[in-house]
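Naming convention: chains lettered A, B, ... in sequence-line order (proteins, then strands); numbering from 1 in each chain. Here the structure is a predicted model, which means the values were calculated and not measured. Any value given below was found using the heavy atoms of this structure, including those in side chains, with hydrogens, waters and symmetry copies removed.
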Protein chains: 2
Amino acid sequence: MAVVREERADAARNRKAILEAADDLFATSDSPGEVSMDDIARAAGVGKGTLFRRFGDRGNLIRQVYAVRLAPLREQIESGPPPLGPDTPPRERVAAIIDAIAVVKLDNAHLMLALEEGGGPTSGVYGSADYVGVHGLLRDLVATELGVGRAGWIAHVLLATVRADLLRHVTEGEGMSHSAIRSCLRDFVDHTLDH
Amino acid sequence: MAVVREERADAARNRKAILEAADDLFATSDSPGEVSMDDIARAAGVGKGTLFRRFGDRGNLIRQVYAVRLAPLREQIESGPPPLGPDTPPRERVAAIIDAIAVVKLDNAHLMLALEEGGGPTSGVYGSADYVGVHGLLRDLVATELGVGRAGWIAHVLLATVRADLLRHVTEGEGMSHSAIRSCLRDFVDHTLDH
DNA sequence: GCATGATACGGACTGTTAGTCCGCTTGGCA
DNA sequence: TGCCAAGCGGACTAACAGTCCGTATCATGC
């Protein structure tokens, strides 16, 4: 029976400082790929060794920062009230989830870009636990509407419509407003679930 | 009136050698991000200076390799016979284009991954001339079917369904066959253009 | 053929990055 | 207060994209 050691106070303090510094740097930098691990360590006021001891590698640090941002959304989906929570009819729930993901990504564009770009060649978007989780949920919801046949594929397509780089392109490159995007998404989801 | 100088014979030879070596390395490496410029130079039997003189940077080299692979498809679309060429009714043409893109990406998975990953943080998929071109064409075709309102958005969504990393995930991660993917895509395009 | 200048070559070099290592420090417990 | 596991930091390594410049090669005028 291994006794689980508490994290030491200084370690906890540093972990928090690193997450905050990274969040801030990713949020303010134009191109998240340009934020180096040294930058983050310096901004957090810790040594590089500390940073890597705590987070292992770049991809994992980014995923942790992202997890913090996404926790409220995930909780809403898993156990919140409608329209995100489990008591929602499948169709509205799919629409609400896609909309909520779009909102989070639009509001945290830089960070989400960092995740999808720099999540590392190791994993990419599709390897992450978050993707797998939300894909599974959507697949099941879609299956109740359209049958299991192509539900998995449809779920991938739905998620492809809210990829961070696509959202960035249509906002920054084409000047679409957030509300126009959400309205297109809403239409698209509705139409996709009509059969 | 500037006289356009011919490319010197040795330069032409080296350009060809580099393109072939790069194509081969990207095609055989599991993770195209791991193919370095030094590797390519060595495989081509040229110095690094030559490689960079000819291609400027990594992203551009990848785009050139990709352009070679894509030339036949582009030509078919621009001036070939139906179902890809301009004499095709819009609806079938959209379906044929998406299918053809999927086939090329499925057949050249590694290279396409290299392009989408490593095209550089500078551009990404959405910055490339190829993306812009095919998006514009699809947008116009979709507009003739559904009106201009959301045609641009729909065109992005159609292209998002044939992104190289998604295709890789469903083939390698989920074991979908190429024909199953193409059939899903076909259904999806048909349904998306129904209104 | 051969001289000559533009063109191209190649690999040593630079700058920057992710990630490692290890001697020193500190927090927590008896 | 003394002990030591846990944690710290920054010098270090390895690998990479991209640059530079002395040397070699090609094409052209004679």
Side-chain angles (χ1 to χ4, degrees), chain A residues 2-22 25-26 29-65 114-115 117-124, chain B residues 2-22 25-26 29-65 114-115 117-124:
Chain A
V3 174
V4 180
R5 276 253 178 231
E6 275 300 319
E7 187 178 41
R8 240 170 65 172
D10 50 350
R13 209 183 320 123
N14 282 333
R15 189 167 44 74
K16 194 156 158 276
I18 291 168
L19 283 172
E20 281 168 8
L25 285 175
F26 284 127
S29 154
D30 272 3
S31 174
E34 284 168 13
V35 177
S36 73
M37 297 299 269
D38 295 75
D39 292 339
I40 295 168
R42 209 172 314 120
V46 305
K48 260 184 104 169
T50 304
L51 196 164
F52 278 95
R53 152 184 299 273
R54 211 83 0 255
F55 293 99
D57 63 16
R58 174 171 237 267
N60 196 53
L61 169 59
I62 294 173
R63 276 189 293 275
Q64 301 281 330
V65 177
L115 180 78
E117 277 178 15
T122 38
S123 56
Chain B
V3 174
V4 179
R5 277 250 178 231
E6 275 300 320
E7 186 178 41
R8 241 171 64 172
D10 51 349
R13 209 183 321 124
N14 282 333
R15 188 168 44 73
K16 193 156 158 276
I18 291 167
L19 283 172
E20 281 168 9
L25 285 175
F26 284 127
S29 153
D30 272 2
S31 174
E34 283 168 13
V35 177
S36 73
M37 298 300 270
D38 295 74
D39 292 340
I40 295 169
R42 209 172 313 122
V46 305
K48 260 183 106 168
T50 305
L51 196 165
F52 280 96
R53 151 184 300 273
R54 211 86 354 259
F55 294 98
D57 63 17
R58 174 172 236 267
N60 196 52
L61 169 58
I62 293 174
R63 277 188 291 275
Q64 302 281 332
V65 177
L115 179 79
E117 277 178 14
T122 37
S123 55

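- The CD atom of Glu7(A) sits 4.0 Å away from atom CZ of Arg15(A), with the distance rounded to the nearest 0.5 Å.
- If you find the closest nucleotide of DNA chain C to Asp39(A) and to Gly49(A), the one lying nearer the 5' end belongs to Asp39(A).
- In this structure, Arg42(B) places its CZ atom 9 Å from P of dC16(D), rounding to the nearest Å.
- The side chain of Ser36(A) approaches dT17(C) more closely than any other nucleotide in the set dA5(D), dT17(C), dC26(D).
- Among the atoms of the strands shown, only primed sugar atoms or phosphate atoms (P, OP1, OP2) are found under 4.0 Å from some heavy atom of Arg54(A).
- Between the CZ atom of Arg15(B) and the P atom of dT7(C) there is a distance of 17 Å, rounded to whole Å.
- Summary of the strand contacts: Thr50(A) and Glu34(A) both lie near DNA chain C, and taking for each the nucleotide with the nearest heavy atom, the more 5' one is attributed to Glu34(A).
- Comment: Arg42(B) engages Asp39(B) in a salt bridge, judged by a side-chain N to carboxylate O separation of less than 4.0 angstrom.
- A donor and an acceptor atom sit less than 3.5 Å apart, one in the side chain of Arg8(A) and one in the base of dA6(D).
- As a whole-Å value, the separation of Ile40(B) CD1 from dG11(C) P is 17 Å.
- Per the geometry, CG belonging to Asp38(A) stands 12 Å off C1' belonging to dC12(D), to the nearest Å.
- If you measure from atom CZ of Arg13(B) to atom P of dA8(C), you get 13 Å, rounded to the nearest angstrom.
- Protein atom CD of Glu7(A) is 13 Å distant from nucleotide atom C1' of dG27(C), rounded to whole Å.
- Expressed to the nearest 0.5 Å, how far CZ of Arg13(A) lies from CZ of Arg8(A) amounts to 9.5 Å.
- The side chain of Phe52(A) has dA18(C) as its nearest neighbour among dA18(C), dT7(C), dC8(D).
- The interatomic distance linking Leu51(B) (CG) with dC20(D) (P) rounds to 17 Å, in whole Å.
- For Lys48(A) against dA11(D), a side-chain-to-base donor-acceptor contact under 3.5 Å is absent.
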Would Arg63(A) and Asn60(A) count as a side-chain contact (heavy atoms from CB on, under 4.5 Å) here? Give the steps.
CA-CA 5 Å; Arg63(A) 276 189 293 275; Asn60(A) 196 53; 4.1 Å; yes

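- Comparing atom distances between the Asn14(A) side chain and each of dG27(C), dC9(C), dC8(D) picks out dC8(D) as nearest.
- The residue Arg53(B) sits close to a base: some heavy atom pair falls under 4.0 Å.
- At whole-Å resolution of the value, CG in Asp10(A) and C1' in dA5(D) are 12 Å apart.
- The structure places CE of Met37(B) at 8.5 Å from CD1 of Ile18(B), a figure rounded to the nearest 0.5 Å.
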